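One structure below.
Just so it is clear, the structure is predicted and the values come from calculations on it, not from any experiment. Proteins get letters first, then strands, A, B, ... in listed order; numbering begins at 1 in each.
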There are 2 protein chains.
Amino acid sequence: MSVEDGIDFALIELLFFAYRDFTSDPDQILADYGFGRAHHRVLHFVNRRPGLTVAELLDVLKITKQSLARVLKQLIDTDHVVQLQGPRDRRQRELYPTAKGRALALALARPQSRRIHAALHAALGDSGITERTLVERFLEAMVNPELRAQIDVGSAKMSGKSHGEH
Amino acid sequence: MSVEDGIDFALIELLFFAYRDFTSDPDQILADYGFGRAHHRVLHFVNRRPGLTVAELLDVLKITKQSLARVLKQLIDTDHVVQLQGPRDRRQRELYPTAKGRALALALARPQSRRIHAALHAALGDSGITERTLVERFLEAMVNPELRAQIDVGSAKMSGKSHGEH
DNA sequence: AGATTATGTCAGTACTATTGACGTAATTTC
DNA sequence: GAAATTACGTCAATAGTACTGACATAATCT
């Protein structure tokens, strides 16, 4: 059943198709703003973790400072994100979404969320077991273990790690 | 539970992280060959659907002819893919992986397949229900309906659509 | 005071992708 | 059989996203 040489080509391919179409929704909206996928990612995380610093953002996105610079500057210039001096450490710039930024982040997330929920329904229809928890756990397990800490913010998990002030 | 404004930010984010790490495995191997993700995608589909034409490949990847050109040329020059004149239509170029190409495709798919299976175990451990079928159906449902035809090749489905000669 | 840290910026480069235009060979249509 | 269409290849120009390396500034830590 579509597993040749012990390799699961089918799921590999599905992940490609799923992600391609998953990102196509916001891509269309972004085009109107002259923004790209990079802007989306930055805006998403600033929106999700308001007050995160530039360094934290770099760490989450796993890109370099130079790659972030242009994108972040554009988001700030267009009034989607603001920088505030860090209260404890004045070298830090805490990033916050503006109302405009939050609105765009929401507009971008809406079709993606709709697609996900439709897919969950299509996939799980009746079997009212763990529902989305199952897919959530699958995706979580797809992430490199070392980086798994990045994903639990905002949710009511906070597994292990001492988060300090929040 | 991590659903603000009715938007499922958690799953959106997980899909991002999952896909990022999912592609990081082959990326490292590709670097040794001077290849990028584009080469991987082309090689994957040529390997999966040996004999597909350039036009079909463009349609599956949803990129332009010009984008494919350079990448495909490199794969042919490095003896990973060969072009054969189409038997029915001599204008067409049927693409086939060489032994070398198949070996590389396999090497690239191996860590991805391993990651997927580990994730399935982590996610479904005991509940021996539909197992991978569930995630498969979820991902399938994430793909745009019009494009869903692209994904059933090689598997024993062939839902609906008149496939003609194959 | 000196080292380190957080951030910003500049220069140069690479990969992947785009649109548009043009050429060639093969097939289909009238 | 001539004309239109199709499949493919290629050239030129451009854009978005990423990279490495280097350097500057301000703030904090030792």
Side-chain angles (χ1 to χ4, degrees), chain A residues 16 19-20 23-24 26-46 51-78 81-96, chain B residues 16 19-20 23-24 26-46 51-78 81-96:
Chain A
F16 164 71
Y19 197 74
R20 184 192 62 180
T23 53
S24 71
D27 279 357
Q28 292 197 305
I29 299 170
L30 289 160
D32 299 336
Y33 292 78
F35 289 164
R37 217 170 278 180
H39 299 85
H40 185 188
R41 289 197 287 266
V42 171
L43 185 57
H44 170 90
F45 284 108
V46 169
L52 95 172
T53 66
V54 172
E56 287 168 347
L57 185 53
L58 289 175
D59 190 53
V60 170
L61 296 176
K62 290 274 171 292
I63 60 173
T64 60
K65 209 193 330 179
Q66 295 74 13
S67 296
L68 175 63
R70 177 187 48 93
V71 171
L72 183 56
K73 193 176 187 327
Q74 281 177 279
L75 286 171
I76 291 169
D77 289 347
T78 54
V81 173
V82 287
Q83 282 182 320
L84 297 182
Q85 231 180 27
R88 293 179 300 283
D89 187 334
R90 285 187 300 171
R91 287 173 306 180
Q92 293 182 335
R93 305 277 180 271
E94 295 189 344
L95 303 172
Y96 294 92
Chain B
F16 164 70
Y19 196 74
R20 184 191 62 181
T23 53
S24 70
D27 280 356
Q28 292 198 304
I29 299 169
L30 289 160
D32 299 335
Y33 292 78
F35 289 164
R37 216 169 281 179
H39 299 85
H40 185 189
R41 288 196 288 267
V42 171
L43 185 58
H44 170 90
F45 284 108
V46 169
L52 95 170
T53 66
V54 172
E56 286 168 347
L57 185 52
L58 290 174
D59 189 53
V60 170
L61 296 176
K62 290 273 169 294
I63 60 173
T64 60
K65 207 194 330 178
Q66 295 74 12
S67 296
L68 174 63
R70 177 188 47 92
V71 171
L72 182 56
K73 193 175 186 328
Q74 282 177 280
L75 286 171
I76 291 170
D77 290 347
T78 55
V81 172
V82 288
Q83 281 182 321
L84 298 182
Q85 230 180 29
R88 292 180 301 283
D89 187 334
R90 285 187 300 171
R91 289 173 304 179
Q92 294 182 335
R93 304 277 179 272
E94 295 190 343
L95 303 171
Y96 294 91

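- Phe35(B) places its CZ atom 16 Å from the C1' atom of dA14(C), with the value rounded to the nearest Å.
- Within the nucleic acid shown, Glu56(A) has no heavy atom closer than 4.0 Å to any nucleic acid atom.
- Surrounding NZ of Lys73(A) are at most 12 heavy atoms belonging to other residues, nucleotides or ligands under 6.0 Å away.
- Computed from coordinates, the Leu58(A) CG to dT17(D) C1' distance equals 15 Å when rounded to whole Å.
- Atom CD of Gln74(A) is separated from atom P of dT9(C) by 13 Å (rounded to the nearest Å).
- Using bins of under 30°, 30° to 60° and over 60° for the plane-to-plane angle, the ring pair Phe35(B)/His39(B) lands in the parallel bin.
- With DNA chain C read from its 5' end, the first of the two nearest nucleotides for His39(B) and Arg90(B) is the one closest to His39(B).
- In this structure, Tyr33(A) places its OH atom where only 12 or fewer heavy-atom neighbours from other residues, nucleotides or ligands lie under 6.0 Å away.
- Look at Ser67(B) and you'll find a side-chain N or O under 4.0 angstrom from OP1 or OP2 of dT18(C).
- At dC19(D), one or more side-chain N or O atoms of Thr64(A) fall inside 4.0 Å of OP1 or OP2 (strictly under the cut-off).
- When distances are taken from the side chain of Thr53(A) to each of dT7(C), dA17(C), dT10(D), the shortest belongs to dT7(C).
- Taking atom NZ on Lys62(A) and atom P on dT20(D), their separation rounds to 14 Å, with Å as the unit.
- Scanning both residues, Pro87(B) and Glu94(B), for their nearest heavy atoms gives CD-OE2, 3.2 Å.
- Considering only the side chain of Arg91(B), dT6(D) comes nearest among dG9(D), dT6(D), dT4(C).
- Atom CG of Asp27(B) is separated from atom P of dA14(C) by 19 Å (rounded to the nearest Å).
- Rounded to whole Å, atom P of dA6(C) lies 15 Å from atom CG of Leu68(A).
- Here Arg37(A) lies in heavy-atom contact (under 4.0 Å) with sugar-phosphate atoms only.
- Nearer the 5' end of DNA chain D, as judged by each residue's closest nucleotide, is the contact made by Ile63(A), out of Ile63(A) and Asp89(A).
- Residue Gln83(A) places at least one side-chain N or O under 4.0 Å from the OP1 or OP2 atom of dG8(C).
- Out of dC10(C), dT16(C), dG8(C), the shortest distance to the side chain of Gln66(A) is found at dC10(C).
- Atom P of nucleotide dT16(C) and atom CG of Leu72(B) are separated by 13 Å, given to the nearest angstrom.
- Within a 6.0 Å sphere centred on CD of Gln85(A), other residues, nucleotides and ligands contribute more than 12 heavy atoms.
- To the nearest 0.5 Å, atom CZ of residue Arg41(B) and atom CD1 of residue Ile63(B) are 7.0 Å apart.
- Proximity of Arg70(B) to the phosphate of dC15(C): no side-chain N or O atom is located under 4.0 Å from OP1 or OP2.
- Residue Glu94(A) is classed as having no contact, given no heavy-atom separation below 4.0 Å to the nucleic acid.
- As judged by a 4.0 angstrom heavy-atom cut-off over every strand, Lys73(A) is placed among residues making no nucleic acid contact.
- Spacing between atom CG of Leu30(B) and atom C1' of dT16(C) amounts to 14 Å, rounded to whole angstrom units.
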